[in-house]
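Both backbone and side-chain heavy atoms feed into the values below; hydrogens, waters and symmetry mates do not.
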Amino acid sequence: MAGEKQGTLLSRLTTVDRRVIYLLMTLVVAWPMFKLVTLPVLISKEVAGFDREIEALTAGDHVIFAFDYEPDVMAELDPMSRAVMDRLFEKDVEVVALTLYPGGAGIAQPVLESAAREHNKVYGEDYVFLGYNPDWSGTMLRLGESIKATYPADQFGRDTRTMPILADCDSYKDVKLLVSICGSQLTEYWAALAGGRYGQKIVSGNTAVQAVFIYPFYQSGQIKGFLGGLKGAAEYETAIERPAFGVRGMGSQTMGHLLILLFVVIGNLGYLAARRAGTGGSGGVTGGGGRA
Amino acid sequence: MLERTLPILLATVAGLFMAAQFFIPHPAMLRIYNLALDWKQIVFGCTLMLGVVSLIRFHWRKVARRAPGAFYSGVALVSCLATIGTAFFGIETGLYPWLYDRVQAPMQATLFALLAYFVASASYRAFRARSVHATLLLAAGAVVMLGRVPIGDLIGFDAGGERWSLGSLASWILDVPSLAAKRGILIGVGLGMISTSIRIILGIERAYLGQSSGEGQGRS
Amino acid sequence: MQWFDPAKTNILIPTLVFVGLVVGYIITARRGINLFVRHIPGLDAIDEAIGRATEMGKPILYSPGLDEMDQAATVASMNILGRIATKAAGYETRITVPNRDPIVLSVAQEVVRSAYQQAGRPDLYRDDDVFYVTYSQFGYAAAVAGYMVRERPAANFFIGHFYAESLIMAETGQTTGAIQIAGTDSDPQLPFFITSCDYTLIGEELYAASVYLGREPMLLGSLKAQDMAKLLIILYVLGGIVGAFFGVNLDFWSGTSGAGAGG
Amino acid sequence: MSHDPSVWVTALLTLAIFSFLWRENPVFRFAEHLLVGVSAGYYVVQYFYSGIVKKLIVPVRQDPGTNWPLIFGGALGILMFARLFRRLSWAARYPVAFYVSSAAGYFIPSVLEANVLKQIGGTVTAPGTAMAAGTLPVVSSALLVLGVIAVLVYFFFSVEHRGPVGSLSRVGILYLMVGFGASFGYTVMGRITLLLGRFQFLLGDWLGLI
């Protein structure tokens, strides 16, 4: 009897309506946003590597800052862009910003303008926004030969040949570091085309989905450091002692993860109970290999 | 001749030149290489525009033929032409950037925020430890999920001067087994991409020359 | 030395080796010489799923993914669709194929029609079983999920390149109790398919299954060349480690070309 | 509660997209098609402005003497539009052949270096560098090398997976599953952050509750 009741209880649990799950998800993720609970954030070695490369820059060095993402992953990558841009301007590094996505222009402008206002930087001297250029692989290679030929004009049509910031900087040879904040595989191609072919040193900030593929590039030294997902942003914000959206988001992030794990556990308990009670659910297909 | 063999010949010449140029730092080759890259960016700009033009034509046909969903195609058509119109008043300030900041960006971000809900309901109703493999996957996923948030570092103990926690276990998973698996996949993908490139240059791979409808792709 | 950059020798030689492998194996395959490709367990799972759908007298759903015809995963998907449609026609089981791309739609219709002819049942083929849904990523997933709940197919196949919305289809299929087989090279979607489907062809396995079925010389030759390259890589890695013990430094050969090493 | 009409426009459109959670409905479909239209319009302007104006018109006008050859690139680009007319669509094969094959050309050496050679280099040197760091790193580096080899064997199709090759392949699939587990964990993390971002807007900028 007990097995029977336990079976029905759990099987009833797994047939709960989708919208109840959505409501639970909303409440659990939103709740921590109301009460600021900041948890200590330990810094991993890949973020320390990223921080080391940024701190090694000195005033007057040139950096290429690539906004390689679109609004769909803005929530994950904007915190990184803002933190790194702040730090670069604070160190009086000259920022050559660009994007390889058509939607990247609308993302880069607010980040650049708010950081420039805060550190009163002059457009054309301290920073420039070259904007979008079609054909990302061709752009990565062309920048190795001449930045001004790749971008005859900046995002707003101003002639790049007369810009002071680009007077002494026209290819990867003159660029100390390339920062790719990216939501796709473009970081890997920066490492292949700019890093491998032209020897450009690269660090990157990646969405969590993409970060898993950056570990091999970090271990082999092709990428000198990277930030992975919102946790990476939180770690970097902690490293430069400027907690912002990354650190504040950790509470909700934690609750969200716990809820998902709870769902997986309950879902599987229901599944096991149903299987033991012989209702079987969808029949499994036996055998090894990629069998799941 | 003009329709079939000449494009393939152009492909072979362009491909062989670019592959050879990597190894030959001759200034004459470099000038052609730079020009080819500039041409390529202009051509790619046109290809991307073609994608949008065929999208507009696709919706125009649905409206013209009163096909089902014609109203929604009309919405897409009108908003597309209106956005293009606003660009004539400047793309740095005004309505054009406003449409991006206030309409496109938030909706695109929300469309993908939906995925958090789909993952939640799938975690509850679909992700089953149906085999040893799926169980291993879910276990590793759980450790990484807990390890990559601050509480992951709290759950653990200190021994031999080191911190042994869910956080350090998650980092180890990402640094060793996951890295080895993704490296194996990277090598396989790399070899596959190179052999496809070789077939394109030799003119025996022609699928790309066929019709591509230019509908564009989704986000992974 | 303007005609060759010596620092890149360590890339030139592996490039020439691999080009030689690819060209060599494609020529061999074109001459019809039988090149061995191992058995792909995934194909047995596909046959079992078709058998199960036939027992239950329910239709089969086959989604060829969201990419266009020039993508490798979509080409592989068409090969596998051909085999599934031939088997389904033999068992007189209905197969429905929702599409997101108009070009893939026309190819899929052609593949299914010739599969029915091959099985000797041209009369069973219905053009509107292979239909166009929408170009919208989420619209497609929602429409396919709706079809699953209404028609309750006994077997769902997700074979091709998928994006973030594949979760909606795999979850709905799982809740309707259908047996599900997935095959994709899109890495972000593989974890979700593995945990919500009964069998998953992972990345290159999908291409190998297509080559195993289609035996198309160009793809068969490439697959064999890539296999040989993997063998060389494994031997090189083992040799490199053993060599490192005895102080043999292989750094020059492992791609740290002059330009790339510093940076 | 914000009084800025722009914030209200964004908030309503955000809720229209979230309505998909209840079920697929006309409001969602309207918002989705509005998004498709606005983004198509926004993108085509960026493509034209950066592909034609900045890469063709500006450089030719800046320095016609040296940049005139770019005009041939423009001509090749115009050929792409031949694809809109069924009879002429063969002409579009020239620009497509040019940009696909030239990319294939420069990808071969660079992808070989970055995806294959450097990855092998990192694997071969791992045990050496781990030697100095103590026992756990040495064990880890051995597991790393074993993993790379086992995964390559799993994707090896020229030999039946029986005997030693079979067992190595079964080790490979275990590594792959841990790798997919890590992807699963990180993907969930990413999705939740995206939701967090929308709540930040709705609860903060719009309703002013946080």
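Using a cutoff of 4.0 Å between basic side-chain nitrogens and carboxylate oxygens, C:K8 and C:D5 are scored as salt-bridged.
At a 4.5 Å heavy-atom cutoff, the contact between C:F192 and chain D is made by side-chain atoms alone. When heavy atoms are compared at a cutoff of 4.5 Å, D:S158 approaches chain C by way of both its backbone and its side chain. Heavy-atom distances place both the backbone and the side chain of D:P109 under 4.5 Å from chain C.
When side chains are defined from C-beta on, C:L61 counts as touching C:V144, because their heavy atoms get closer than 4.5 Å. Under the 4.5 Å side-chain criterion, counting only non-hydrogen atoms from C-beta, C:D227 is not in contact with C:L231.
In terms of heavy-atom pairs under 4.5 Å with chain D, the best-connected choice from C:V19, C:L12, C:L238, C:V37 is C:V37. By number of non-hydrogen pairs under 4.5 angstrom with chain C, the leading residue of D:Y186, D:F155, D:F157 is D:F157. Ranked by heavy-atom pairs under 4.5 Å with chain C, the first of D:V145, D:L176, D:I149 is D:I149. Contacts with chain C were tallied for D:V116, D:I108, D:V159, D:V148; D:V159 has the most, counting heavy-atom pairs under 4.5 Å. Looking only at heavy-atom pairs under 4.5 Å with chain D, the residue among C:G203, C:A143, C:A208 that has the most is C:A208. Here D:E32 is the residue among D:E32, D:R23, D:E24 with the most heavy-atom pairs under 4.5 Å with chain C.
Considering only residues two or more places apart in sequence or on other chains, C:E204 meets the salt bridge (Lys or Arg N to Asp or Glu O under 4.0 Å) condition with C:K230.
No side-chain donor from either of C:Y199 and C:Q180 sits under 3.5 Å from a side-chain acceptor of the other. C:R215 and C:N34 share a side-chain donor-acceptor pair at under 3.5 Å.
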request  = Quick one: do D:F18 and D:F28 satisfy ring-ring contact (aromatic ring centres under 6.0 Å, His included)? Show the steps, please.
outcome  = CA-CA 8 Å; D:F18 272 141; D:F28 170 80; over 10 Å; no

